[in-house]
Each structure stands twice: as C-alpha cells, then as structure tokens.
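Take a look at the structure below.
Each chain gets a letter, A, B and so on, in the order the sequences are listed, and its residues count up from 1.
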2 protein chains.
Amino acid sequence: MGAKSHYNDVLKERNLKATKHRFAILEALENCKIPVTAEDLYIKLKRDGISISLSTVYRCLETLHKKGIVIKSNIPDYNKAVFEYNHNEHRHHMICIKCHKMQPVNGCPLEEFEKFIESKFDFTVKGHNLEVYGYCSGCGSKETASNYSCCPERNEGS
Amino acid sequence: MGAKSHYNDVLKERNLKATKHRFAILEALENCKIPVTAEDLYIKLKRDGISISLSTVYRCLETLHKKGIVIKSNIPDYNKAVFEYNHNEHRHHMICIKCHKMQPVNGCPLEEFEKFIESKFDFTVKGHNLEVYGYCSGCGSKETASNYSCCPERNEGS
DNA sequence: ATTGCAAATGCGAATCATTCGCAAAAACAA
DNA sequence: TTGTTTTTGCGAATGATTCGCATTTGCAAT
C-alpha cells in the first residue's frame, strides 16, 4: 500500500473513511489531465474494472469537493458539473466553446483584483472562479462568432 | 411606443421578431439589479400581470442569450442558471456563498491575462468568465470556512 | 387591409443531471 | 469479534430545462 497511503492521509485528515471507491476516484481524477463529469468518471472506473454505482460517484465527488480535495466547476452552456483533483496549485482553464474541452493554465492574475474588491465593498473574498473561453487549437478560429461578454452563440448557419 | 422601440431595434438587428413577451422579458431584466433565474423572472412577469408560460421564458432567455443580448451564468454549487441584461459594460460579480446573492463589480483585470494566453497557447480567446465569491455584508465572515480554490464547503455543524 | 409563411408560444410530457431513501455492506475503534 | 458510524447500491424521486406539436402571432408581400 505505498501510493495509496497518500490518499489515506488525505481522507483521514478530513474525517473521511478510506474506502476503495474513494481511492479509485482520487486516483482516476489525479490521472486526468482535464476535468471530467461524474459520468465520464463512472465510465472510466467501470472500464478499469471497478464495480461502483453512479450515485456513489456523485456522492463521493460531492463529499470530496466539500472537503476541498476535489474542485467542481461549471462549463458555460454545458449543463453538467465537471470535477478535477485539487492540486492546490492555483490555476484556471481555457474552455473551447466548440468541443468543450478544458485545459489548465497555471498562474492567476487576480490577487490585486481581490484586494480591490475587499477594499471597496463590504465583502470577504474567499475565492474566485475564472475561465477563459474561445477556440482551441483543434477547433480553430475560423468561425466568425461574435464575442459576447459571456458565452458566444455557436456558429449558426452563416 | 417610445422606450420600447429600443428593444425593437435590438431584436430586429439580430433577426428576431419583436414580440411583447420579448419586450417584457428585456424590460424586466433591464430593471433587475442582480441576475435572476428563469423562474424568478417568470414569477416577476406574472406578478406584473403578464401572461406567459415558463417554457417561453426559458426559450426567450436562451434565444436572447445566444444572440448576446442577455448574459447567462452559473453560480457555483447552485444548480440553476441566472440571467441578466447585457449592458455591454464589461463587468463581473461577487457571489455570496451563503445567500447566493450576486452583485456586480465594474471593471475587469483580465486583458493582459488573455493576451498572455493567446501568446502562449494555440487558443483564440473569445471571452471569459470571472466571479469572485465570499461572504457578502449581510452574511458576514464569522464562519470559519476554509478557503478552497473553488467553492468552500458550507459551515457544517461547528 | 388581407394573405401566407416562418417564427414564437402554450401546454404538458419528456429528458437529463443530480439527489434521496433505505436496506445491506464496509470501515474502523474498542 | 463486536458495535457503531459511514458508505454504498439500487432504484425511485426531484428539479431544472427542453421538446413536440397544435395554435397564434409578427411581418413581408400582395
């Protein structure tokens, strides 16, 4: 039980029981380059020969998310939540508005902005959410999509 | 029909028919200080004596959003979409993780970051999504919530 | 104005992601 | 091993959103 003991600690620290399903989920997530939906993960686990139910996947992800072990986010105009292992490196993502692929970008330009907000409003900043969207290399930028402030329309006809 | 002609133009420009429902929705949205859910809007319209069905509200919002007239976004850990009129001022929001209230903040610190991304990755930036979350003035910061990188757990028990 | 056609709407049913209830199966402390 | 607390499986329930289709409306051409 070498590598697993790592997850063991992570879980125990937060008063979570160390179950094989949680190990499997954490391991699968940690291996994912990009955030996945609960169902993606479920399928992946099944494919790896792990017997688990979809509701368990949802429940575990939710629990792990609540404990900060997993990050949960939403892709604009995509009505599913996606999850990723929280590497505790602060980073954001680029999301392709065509194929919905998400890829990480390290670094964060927001420290000052948060200070600004706290100084200007009576608001205690606890975090933020930032995604940049556009066209990934595969999808190109041939489309003449208009650039709305939140989520362009898909190219419709034209 | 003085004020309404404005919406008329907005709609016509995008090849949308000018219907009273769309006027009503745009007017209601433009009057909202904060983003609202489709259902909030539906209730508001009903209260104002407008006869409309919930599916029409959804459909209109979606259409208006696709055309860039309305902004659609997601509040983390709140499984509903919220909508607001697109004033075309670029702005973001502070979201209270306790009461889910959202308030706008003008200004945006991301221009450089977007340039950085385009220069570093083969990605064509079309927009972004940024929300800051924490505790609003009403909800205070008394809770000792941990600050995860995306959405703290609610204070559980304690 | 009238006509005709495409787009928009109402209504309820359908869908889809996510959650819940509850009994059975772990985990883990004693 | 035993008892207590969590977790899990399964399927049913939920809740937001979408869809189908018949009806109505907007609006351009007559």
Side-chain angles (χ1 to χ4, degrees), chain A residues 1 4-5 7-26 35-43 45-46 50-67 69-70 72-83 100 154 156-157, chain B residues 1 4-5 7-26 35-43 45-46 50-67 69-70 72-83 100 154 156-157:
Chain A
M1 61 163 85
K4 307 232 154 163
S5 62
Y7 297 131
N8 213 317
D9 294 346
V10 168
L11 292 168
K12 290 291 172 60
E13 272 168 23
R14 332 245 170 163
N15 297 312
L16 295 177
K17 288 191 175 170
T19 70
K20 62 183 166 203
H21 287 133
R22 284 174 180 164
F23 285 151
I25 285 177
L26 288 172
V36 292
T37 65
E39 197 169 13
D40 290 341
L41 190 58
Y42 171 69
I43 291 169
L45 291 170
K46 284 292 194 182
I50 289 157
S51 163
I52 193 171
S53 84
L54 183 56
S55 29
T56 300
V57 174
Y58 273 105
R59 257 184 305 220
C60 284
L61 286 172
E62 194 59 33
T63 304
L64 296 171
H65 162 57
K66 286 227 194 86
K67 295 294 190 175
I69 302 168
V70 155
K72 175 180 182 181
S73 36
N74 283 96
I75 297 181
D77 274 322
Y78 188 65
N79 61 336
K80 294 174 191 164
V82 291
F83 301 84
H100 290 127
R154 311 284 178 265
E156 34 176 335
Chain B
M1 58 162 85
K4 305 231 155 169
S5 63
Y7 297 131
N8 213 317
D9 294 346
V10 168
L11 292 169
K12 290 293 173 61
E13 272 168 23
R14 331 244 170 164
N15 297 311
L16 294 178
K17 289 192 172 168
T19 71
K20 62 183 166 206
H21 287 134
R22 284 175 179 163
F23 285 150
I25 286 178
L26 287 172
V36 292
T37 65
E39 196 169 14
D40 291 341
L41 190 58
Y42 171 70
I43 291 169
L45 291 171
K46 284 291 194 185
I50 290 157
S51 163
I52 193 172
S53 85
L54 182 57
S55 28
T56 300
V57 174
Y58 272 105
R59 256 184 305 220
C60 284
L61 286 172
E62 194 58 32
T63 303
L64 296 170
H65 162 57
K66 286 228 194 86
K67 295 294 189 175
I69 303 169
V70 155
K72 175 179 182 181
S73 35
N74 282 96
I75 298 182
D77 275 321
Y78 187 65
N79 61 337
K80 293 174 193 165
V82 291
F83 300 85
H100 291 128
R154 311 285 178 266
E156 36 175 336

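Taking the side chain to side chain donor-acceptor pair (under 3.5 Å) definition, one finds that B:S55 meets it with B:S53, sequence neighbours left out. Every residue was checked against the side chain to side chain contact (heavy atoms under 4.5 Å, CB included) condition with A:K20, not counting sequence neighbours, and none meets it. For A:N74, the side chain to side chain contact (heavy atoms under 4.5 Å, CB included) test picks out B:N74, with sequence neighbours left out. A:Y42 meets the side chain to side chain contact (heavy atoms under 4.5 Å, CB included) test with A:K46, A:I52, A:L54, A:V57; sequence neighbours excluded.
Partner of A:R22 under the side chain to side chain contact (heavy atoms under 4.5 Å, CB included) criterion, out of A:T56, A:I69, A:T63: A:T63 alone. Tested against B:V82 for a side chain to side chain contact (heavy atoms under 4.5 Å, CB included), the candidates B:L61, B:V36, B:T37, B:D40 yield a single pass: B:T37.
The interatomic distance linking B:Y42 (OH) with D:dG15 (C1') rounds to 16 Å, in whole Å. One can place NZ of B:K12 at 11 Å from C1' of D:dA28, the figure rounded to the nearest angstrom. Summarising the geometry, the separation between CZ on A:R14 and P on D:dT6 is reported as 18 Å, rounded to the nearest angstrom. In this structure, B:N79 atom CG and D:dT18 atom P are separated by 13 Å, rounded to whole Å. One atom, CG of A:L45, and another, P of D:dG9, lie 11 Å apart when rounded to the nearest Å. When rounded to the nearest whole Å, the span between CG of A:D77 and C1' of D:dA16 equals 15 Å. As a whole-Å value, the separation of A:K46 NZ from D:dT8 P is 14 Å. Here D:dA16 presents its P atom at 8 Å from OH of B:Y78, a figure rounded to the nearest Å.
Taken residue by residue, residues 55-64 of chain A places heavy atoms nearer than 4.0 Å to DNA chain D at A:S55, A:T56, A:R59, A:C60.
Between B:K80 and B:E39, none of the side-chain N atoms (NZ, or NE/NH1/NH2) sits under 4.0 Å from a carboxylate O, so this pair counts as no salt bridge.
Toward the 5' end of DNA chain C, the nearer of the two residues A:A18 and B:L16, judged by each one's closest nucleotide, is B:L16. Heavy-atom distances to DNA chain D give each of B:E39 and A:S53 a nearest nucleotide, and the one nearer the 5′ end belongs to A:S53.
Across all their heavy atoms, A:H21 and A:I50 have their closest contact at CD2-CG2, 4.4 Å. Counting all heavy atoms, side chain and backbone alike, A:L45 lies closest to A:A24 at CD2-O, 3.8 Å.
An OP1 or OP2 oxygen of D:dT7 is reached within less than 4.0 angstrom by no side-chain nitrogen or oxygen of A:K17.
Using a 4.0 Å cutoff to heavy atoms of chain A, the contacted part of DNA chain C runs 5' to 3' from C:dA17 to C:dC28.
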